[in-house]
Amino acid sequence: MRYDTLIIGAGLSGLAAGIRLAYFEQPVCILERHTTIGGLNSFYRLRNRNYDVGLHAVTNYARPGTKSGPLSRLLRQLRFSWDDFQLAPQTGSRVAFPGRTLRFDNDFELLLSEVAREFPSQVDGFRRLAEFLEGIELGKVLEPGLTARPVLARFITDPQLVDMLLCPLMFYGSPTPDDMEFTQFTIMFHSIFREGFSRPREGVRLILKQLVRRYKELGGELRLRAGIKTILNDGSRATGVELDDGQIIEADRIISSAGLYETLHLCGGASETSVATDVAPGEITFVETITALNCQPAELGHRDTIVFYSNTPTFRYANPAEPCDIDSGIICSPNNFQYDKPLDDSAIRITALANKDCWMRFSDDEYAAAKQNWNERITTAALRHVPDFRAAAVDTDMFTPRTIRKFTGHVNGCVYGAPRKRWDGTTHLENVFLCGTDQGFLGIVGAMLSGIGMANRHALRQS
Amino acid sequence: MNPEDIRQVLLEILGRIVPDEDLSALQDDVPFREQIELDSMDFLDIVMELRKQYRIQIPEEDYAHLNTMGGAVNYLTPLMKDVSAPA
């Protein structure tokens, strides 16, 4: 069997790349190790209820018909219409620190007025920061290694405001402890504060369903349960892959969403290179509790789309010593978006930083007990920011770094990939390219744009 | 195809690439990018769509000819003279 392009991984980035190539009639095959699509952003059914994994919200909201911006570009490139994703805007979100709150929604003016109210002495600096960021081309690397904090310090002198601004952006995209790459920061600031959140009524399954349908209509091939044992190569070029079952598939090029470290490992090169920091896999990861409720969260008084909180004045974003860090988190309800009619199901999800080593080490019995224990502790700690919903709970589940590793193949079970991104998508093999989190674009829209960008650059321009 | 057919083909392709744009008032001698939102990814798609639909190969050094409607029609006229117009 031979293809122009093989894509590793049927997540959002791999599917988007696949659509581009299939649309332009390239023989293309997506290989997915798992029995289902989605990777980091997926969905499942448990005890008769639907749950999303990954997606809290689609960032980069734009009103239907908007002619520019990431979401519009994404739809155009994949030949989707605005209706295909059925995006409903958020009701409103907030950042909550001890004694301080910043509300924001899809209109940047709200955040500006909130900064003015909570940090009057800082609002001019914040305004200048926002203007400075507007002048930067998204995704452009100004200076390799530059991080957000030193740049923020030029505009904002109150460390609390710096932490409150970084909190949602780090939570939604930083693979780096306590700071984030500046390029990443500019993208996240724009996607979250400038453009904002939305969600399809059916959740991430709608987006995945549309992607797969489009990909298959265009003649793209998708193979599930097709794990890759090795990327066959001679040290400078890949010739194809060998699957776990020994089958060999040849290709002119490979686009991998497996992660940089994981891709190099498949090439047989990770043993020498794994010590080099520029390919080190990330360490930052999370657990998430999901509680199904017997009523809408709004009936309990909870109307926020997403709450990013820290129960300590200084926001700590790092690998915790314990299995979970209960001092901070993200509370998200899929119900709190501006849908035409309320969702049938109701849920509250709480995400918290987690120590991957603890979760990987547990025996099966310890794992089950730890899930229950930390689920309770995380929920209790979050109750400062959300009405007590425990009496309305009808079911609960939890994912951990172990779940993430299982579904994504990322060695550390980490969510935002390697701290050092490969913006150009290249690897040491001339015809193996990266897409997805380790290339650099994050979030649902970012993941798809990553697949599109890498397919355009490395598989369409050259061919 | 004659120049008018080619113009229709280009309008159809642009309609596919930037469906939210009004293309009815496009001027011949003004760059597309000054009249509609067309980034470099979209621009590549003009080339790719021509290749997909009409098997026209356009080398990268010739892309600049496609910056305006007038330039594109002139450039494509000899390349597409033997291609039949879409039904």
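Chain letters run A, B, ... following the sequence lines, proteins first and then strands; every chain starts at 1.
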Q. Side chains of B:N67 and B:R33: donor-acceptor distance under 3.5 Å anywhere?
A. no

Q: For A:R63, look at atom CZ and say whether over 12 heavy atoms of other residues, nucleotides or ligands are found less than 6.0 Å away.
A: no

Q: Check each atom of A:R76 against the heavy atoms of chain B and say whether the ones under 4.5 Å are side chain, backbone, both or neither.
A: both

(Q) Would you say that more than 12 heavy atoms from the other residues, nucleotides or ligands in this model lie under 6.0 Å from the NZ of A:K216, or not? (A) no

Q. CG/A:D84 to CG/A:L206 distance, rounded to the nearest 0.5 angstrom?
A. 8.0 Å

Q.
Please classify the contact between B:E49 and chain A as side chain, backbone, both or neither, with a heavy-atom cut-off of under 4.5 Å.
A. both

Q) A:S81 versus chain B, heavy atoms under 4.5 Å apart: side chain, backbone, both or neither? A) neither

Q) Any idea which of B:D39, B:I36, B:L44 has the most non-hydrogen atom pairs under 4.5 angstrom with chain A? A) B:D39

